[in-house]
Amino acid sequence: SRNITVGIVQKPTQYYVDEGVPALRAVNVESNEIVKDDLVHISEECNEELGGSRLRAGDLISVRRGDPGTTAVVPEELDGANCISMVIIRKPDEYIPEFLCHLMNSEVSRSQVEAGTTGATMEHFNAGDVQELSFPKPDIEEQREILDWLSPRIREIDELREKINEGIELLKKYRTALITEAVTGQIDVRGEV
């Protein structure tokens, strides 16, 4: 990448406003995905003043604390947004951003991040740590082929995970209803003697 930097770190809450430019935080980044719930905003003026942490479509952002190294690609609709205490990997020249994002979220990267994170009470990930990560670098055409193969399989797994989570929630509701019916006498739970 031509540039790896860090988003707003010094007292970011001082820049928060009710409406303005979205600013991404760690809670907005999941593996390969930006979650737009619970976004904070900073003013246009602050976004100009803090231009070094302004995001562009195709940049990658990585979580620094909590789940260090978790990475997502900045989508077009967040071009010009900003970020709070995130590692910003400017759009790479020799990688397709989505391919590099998958590498950053892979077990290979995770093991490197875990081996290199520092911090007394919480794991911590910095721009220097990103520079130390080692990845294979296939040519752009091979990266496209890998993404073409990988993307539909990841979508399928995500859909299955969502169905499983829905099933778990439904079973929890059934369990609660069954317990309620048993304790209120709506069903007979006495066994035959």
Side-chain angles (χ1 to χ4, degrees), residues 1-92 95-133 135 154-155 157-158 161-162 165 169:
S1 174
R2 35 192 174 86
N3 188 345
I4 300 172
T5 189
V6 176
I8 305 166
V9 179
Q10 296 295 327
K11 300 179 184 174
T13 55
Q14 69 181 322
Y15 303 110
Y16 291 4
V17 295
D18 291 334
E19 291 185 22
V21 177
L24 301 173
R25 301 172 295 157
V27 298
N28 303 115
V29 178
E30 292 181 1
S31 184
N32 300 314
E33 182 181 1
I34 301 286
V35 179
K36 296 176 192 152
D37 300 338
D38 202 25
L39 284 172
V40 295
H41 296 84
I42 64 173
S43 69
E44 293 281 350
E45 297 78 29
C46 288
N47 195 40
E48 287 297 319
E49 179 184 321
L50 303 166
S53 56
R54 191 174 321 134
L55 303 170
R56 294 291 172 222
D59 288 348
L60 282 77
I61 53 174
S62 291
V63 174
R64 292 181 65 221
R65 296 181 183 177
D67 193 8
T70 300
T71 304
V73 178
V74 176
E76 287 290 334
E77 63 267 20
L78 289 172
D79 187 77
N82 216 303
C83 69
I84 310 294
S85 192
M86 305 281 290
V87 175
I88 304 165
I89 304 162
R90 298 297 177 191
K91 187 175 181 178
Y95 283 101
I96 298 170
E98 292 76 12
F99 183 83
L100 183 57
C101 187
H102 285 300
L103 284 174
M104 292 285 297
N105 289 305
S106 71
E107 285 301 313
V108 170
S109 176
R110 292 272 175 211
S111 62
Q112 293 180 63
V113 170
E114 288 171 10
T117 55
T118 58
T121 58
M122 185 181 289
E123 294 177 323
H124 200 227
F125 188 58
N126 285 308
D129 297 321
V130 174
Q131 293 171 347
E132 296 298 317
L133 297 176
F135 296 120
I154 289 174
R155 271 192 301 279
I157 290 168
D158 288 344
R161 184 174 13 156
E162 191 170 321
N165 288 335
E169 289 305 311

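Computed over heavy atoms, backbone and side chain alike; hydrogens, waters and symmetry mates excluded.
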Is the shortest heavy-atom distance from the side chain of [X] to the side chain of [Y] under 4.5 Å?
{"X": "Leu50", "Y": "Arg54", "value": "no"}
{"X": "Leu103", "Y": "Val108", "value": "no"}
{"X": "Thr5", "Y": "Ser53", "value": "no"}
{"X": "Pro92", "Y": "Leu60", "value": "yes"}
{"X": "Phe135", "Y": "Leu100", "value": "yes"}
{"X": "Val74", "Y": "Ile61", "value": "yes"}
{"X": "Asn82", "Y": "Tyr15", "value": "no"}
{"X": "Glu45", "Y": "Val21", "value": "no"}

Asn165 atom CG: more than 12 heavy-atom contacts under 6.0 Å: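 Above 12, so yes.
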More than 12 heavy atoms from other groups under 6.0 Å of CD on Glu162: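 Not more than 12 within 6.0 Å, no.
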[atom1] of [X] to [atom2] of [Y]: how many Å apart, nearest 0.5 Å?
{"X": "Ile96", "Y": "Lys91", "atom1": "CD1", "atom2": "NZ", "answer": "10.0 Å"}
{"X": "Asn105", "Y": "Ser62", "atom1": "CG", "atom2": "OG", "answer": "7.5 Å"}
{"X": "Ile34", "Y": "Cys83", "atom1": "CD1", "atom2": "SG", "answer": "9.5 Å"}
{"X": "Leu133", "Y": "Met104", "atom1": "CG", "atom2": "CE", "answer": "5.5 Å"}

Ion pair check, Asp158 and Arg155, cut-off under 4.0 Å: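 Salt bridge absent between Asp158 and Arg155.
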Option from Arg110, Glu33, Arg64 for which side-chain hydrogen bond (donor to acceptor under 3.5 Å, both in side chains) with Thr70 holds: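 It is Arg110; the other options fail the test.
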Leu39/Leu24 under side-chain contact (heavy atoms from CB on, under 4.5 Å): CA gap, chis, key distance, verdict: CA-CA 6 Å; Leu39 284 172; Leu24 301 173; 3.3 Å; yes
Step-by-step side-chain contact (heavy atoms from CB on, under 4.5 Å) determination, Val27 to Val35: CA-CA 8 Å; Val27 298; Val35 179; over 6 Å; no
Where do [X] and [Y] come nearest, in terms of heavy atoms and distance?
{"X": "His41", "Y": "Glu19", "value": "CB-C, 4.1 Å"}
{"X": "Asn32", "Y": "Cys101", "value": "OD1-SG, 3.1 Å"}
{"X": "Thr71", "Y": "Gly69", "value": "OG1-O, 2.6 Å"}
{"X": "Pro12", "Y": "Val9", "value": "CD-O, 3.3 Å"}

Heavy-atom donor-acceptor pair, Asn28 side chain to Lys36 backbone, under 3.5 Å: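 Such a contact is absent between Asn28 side chain and Lys36 backbone.
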Check: Glu76 main-chain N/O paired with Asp79 side-chain donor or acceptor under 3.5 Å: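 Checking the backbone N and O of Glu76 against the side chain of Asp79, no donor-acceptor pair under 3.5 Å is found.
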Worked check of side-chain contact (heavy atoms from CB on, under 4.5 Å) between Met86 and Leu55: CA-CA 11 Å; Met86 305 281 290; Leu55 303 170; over 6 Å; no
Audit row: Ile42, Ile8, side-chain contact (heavy atoms from CB on, under 4.5 Å) steps and yes/no: CA-CA 11 Å; Ile42 64 173; Ile8 305 166; 4.2 Å; yes
